[in-house]
Amino acid sequence: MLDIKLIRDNPALVLEKLKLRNEDTAVIGKIQEIDSKRLDVIKKADALKELRNKVSDEIAVMKKDKQDASERIAEMKKVSDEVKQLDVELRDIETEVEKLLYYIPALPADGIPYGKSADENVERIVWGEKKNFDFKVKDHIELSKKLDILDFERGAKISGSGFPLYKGKGAGIERALINFMLDTHITKGYREVMPPILVNRASMEAAEKVPKFEDDMYRINEDDLFAIPTAEVPIINIHRDEILKEEELPMKYCGFTNCFRREAGSYGKDTKGFLRVHQFNKVELVNFCTPETSYDEMEKMLVDACAILQALKIHYRVIELCTGDIGFSASKCYDIEVWSYAENKWLEASSVSNCTDFQSRRAKIRYKKTLENGKTKTELVHILNGSGLATSRLMVAMLEANQTKEGNIIVPEVLRKYTGFDII
RNA sequence: GGAGAGGUGGCUGAGUGGUUGAAAGCGGCGGUCUCGAAAACCGUUAUGGGGGCAACUCCAUCCAGGGUUCGAAUCCCUGCUUCUCCGCCA
C-alpha cells in the first residue's frame with residue numbers, strides 16, 4: 001500500500017506518478033478528504049482520552065482517601081461514552097480509507113519508460129541467437145505427446161484444463177530443472193526455504209494480493225486459506241511483523257513451490273499446453289534489503305535469474321516494462337522472455353520486480369537503521385521478488401530448442417547430472 | 001476430533017481491577033576503570049499514531065477482536081496459537 005502520509009504531504013507527486021500508470025486519480029482527492037476527517041476524530045478522541053486518564057487517576061486517589069467520587073465518575077461515564085462513539089467513527093473512517101488505498105498501485109520508479117500498454121515495453125538485453133533448424137520444428141505439445149512425457153488430456157481429467165500431468169522423463173527433467181535452479185541460487189547466497197503453499201488471508205494481504213486480486217486465487221472457503229499464486233507470498237510472510245537487523249540485509253531467499261492461478265478472465269488467449277496453466281512449478285527469489293540498495297540488488301537478481309537460462313543455453317531477452325504494464329506492487333519490473341520456435345514468439349518465463357516499500361508497509365517488515373549520530377531509526381525494508389524461474393514456459397522453449405529431427409529431446413548438459421539421462 | 005494448561009518487551013520471567021508501558025534477571029548499546037580485554041560499577045535500551053522548528057508532549061498497544069468498568073495486562077465472550085495427554089493418520 002501507499003504511504004498515507006505521502007498522499008497527505010505530497011499529493012502532486014502521487015497524482016503525477018499514478019497518471020503514468022493510466023490510473024484514475026480521482027480517488028486520491030477522496031482519500032485526502034477522508035484522511036483529514038480521520039485526523040480530526042483522532043484529535044478529538046485523544047483529548048477526551050487524556051481527560052479520562054487524568055480523572056481516573058484522581059478517582060483512584062479519592063477512593064484511597066475514602067472520599068466520595070461519584071460525581072467525577074458520572075462525569076467520566078459521559079466522557080467514556082463519547083470516546084466510544086468516536087472510536088467507532090474512527091474505525092469506520094479507517095476501513096473507508098483502506099478500501100480505497102488497497103486498490104491503488106505502487107508508484108513507478110523514476111526513469112521507467114512511459115507507455116500505455118505492453119506494446120511499449122523496452123527491450124534491454126538479447127542473449128544468444130535463434131538456431132536454424134533444417135526440418136520443420138514441432139511444438140511442445142506434439143513433442144511431448146509423441147514421447148509421452150506430458151499428458152494434458154489426462155491432467156484435465158484429473159483436475160481440469162490447465163493442470164498438466166508430467167510423466168516419465170518429463171517428470172524427471174522437471175525435477176532436474178528445479179534442483180538445478182535451487183542449487184545454483186544457493187551458491188549465490190540465497191537461503192532455501194520450502195514454505196506452506198496454502199496461506200491465510202493475513203499473508204495474502206501482506207503480499208498485496210488481496211483484496212485486489214482475490215478472484216484470481218484458488219481459495220478454500222472452509223478455512224479461509226488461499227493456494228499461493230507464487231512462493232513470493234509465503235516467503236515475504238516469513239518476516240511479517242518483524243524488525244530485521246541492518247547487518248542481516250540484504251536477506252535473500254529462494255524456494256520451490258507449486259503455484260496456482262485461476263487466470264480468471266483470460267480464457268482463449270495462449271491457453272494451449274503449457275502456455276497458460278492453472279498449476280505450475282516455480283523457483284522464486286526474494287530479497288529483503290535497504291532502500292538505498294534495492295535497485296542495485298534488483299540488477300543482481302536479474303543476473304541470477306538470467307544465469308539459469310545461460311547455463312541451459314536458452315535464447316532469451318530481457319525487457320523493461322513500461323509504466324502502463326508494471327505489476328500492481330512493483331515500482332520497476334523486468335521480464336525475461338524465452339524464445340519459442342514453434343509459436344514463433346517470446347514467452348514470459350520470469351519477472352523480476354522491485355516492490356520497494358509497497359509490500360513491507362502492509363506487511364510491517366522493517367529494519368533498525370543506525371544513523372550517523374549513533375541513534376537508531378526503524379525504517380521499512382525494500383522487497384524484491386523474481387522468478388528464478390517458472391518451469392512451464394521454460395520447458396516449452398527448452399523442449400522445442402533441443403528437439404532433433406526424429407522428435408527426440410537432447411537434455412541440456414548442466415541438467416544431465418540431475419536427470420541421469422541425456423536424451424528423451 | 002476429545003481433555004487439560006498456557007500465550008506479558010530481543011529472551012527468561014513477575015504481575016489478578018487504580019502512577020504498571022509494565023518489577024527483576026539476561027542480552028544489546030554508551031560510559032567509568034584498564035596498555036587492552038574480562039570482571040565490577042553507572043547509565044541507557046519497545047512499536048504505531050497525533051501535536052510541536054525543537055526540547056518535548058499526548059494517545060494507543062501485555063496473541064487478535066469484542067464486552068464489563070470512571071479506570072483492564074489483570075474480569076467476561078469469541079477466534080487464533082503453543083504445549084501435554086487421548087483418538088485418527090502420511
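In what follows, every chain begins at residue 1, and chains take the letters A, B, ... in the order their sequences are listed.
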Distance, [atom1] atom - from [M] to [N], rounded to whole angstrom:
| N | M | atom1 | result |
| --- | --- | --- | --- |
| B:C41 | B:G50 | P | 43 Å |
| B:A46 | B:G10 | C1' | 10 Å |
| B:G71 | B:U20 | C1' | 13 Å |
| B:A73 | B:A5 | P | 24 Å |
| B:G17 | B:G13 | P | 23 Å |
| B:G9 | B:C62 | C1' | 8 Å |
| B:U34 | B:C29 | P | 22 Å |

Tell me yes or no: between the side chains of A:Ser331 and A:Asn354, is some donor less than 3.5 Å from an acceptor?
-> no
Scan side-chain atoms only and decide if A:Gln403 and A:Asn408 contain a donor-acceptor pair under the 3.5 Å cut-off.
-> no
Indicate yes or no: does A:Lys17 engage A:Asp110 in a salt bridge with an N to O separation below 4.0 Å.
-> yes
Does a side-chain N-to-carboxylate-O contact under 4.0 Å join A:Lys209 and A:Glu214?
-> no
When the ring planes of A:His185 and A:Tyr190 are compared, do they come out parallel, tilted or perpendicular, using 30° and 60° as the limits?
-> perpendicular
Parallel, tilted or perpendicular: which fits the ring planes of A:Tyr166 and A:Phe274, with parallel below 30° and perpendicular above 60°?
-> tilted
Cation-pi between A:Lys245 and A:Tyr367: NZ/CZ under 6.0 Å from ring centre and within 45° of the ring axis?
-> no
Enumerate the residues from residues 79-104 of chain A whose closest heavy atom to RNA chain B is under 4.0 Å, giving them by residue number; use none for an empty result.
-> A:Ser80, A:Lys84, A:Arg91
Closest to the 5' end of RNA chain B, once A:Val61 and A:Glu50 are matched to their nearest nucleotides, is A:Val61
5'-most to 3'-most nt of RNA chain B touching chain A (<4.0 Å, heavy-atom partner on protein side) reads B:G18 to B:G71
Determine, stepwise, if the pair A:Phe260 / A:Phe280 fulfils ring pair (Phe, Tyr, Trp, His ring centres under 6.0 Å).
-> CA-CA 7 Å; A:Phe260 302 90; A:Phe280 62 96; 8.5 Å; no
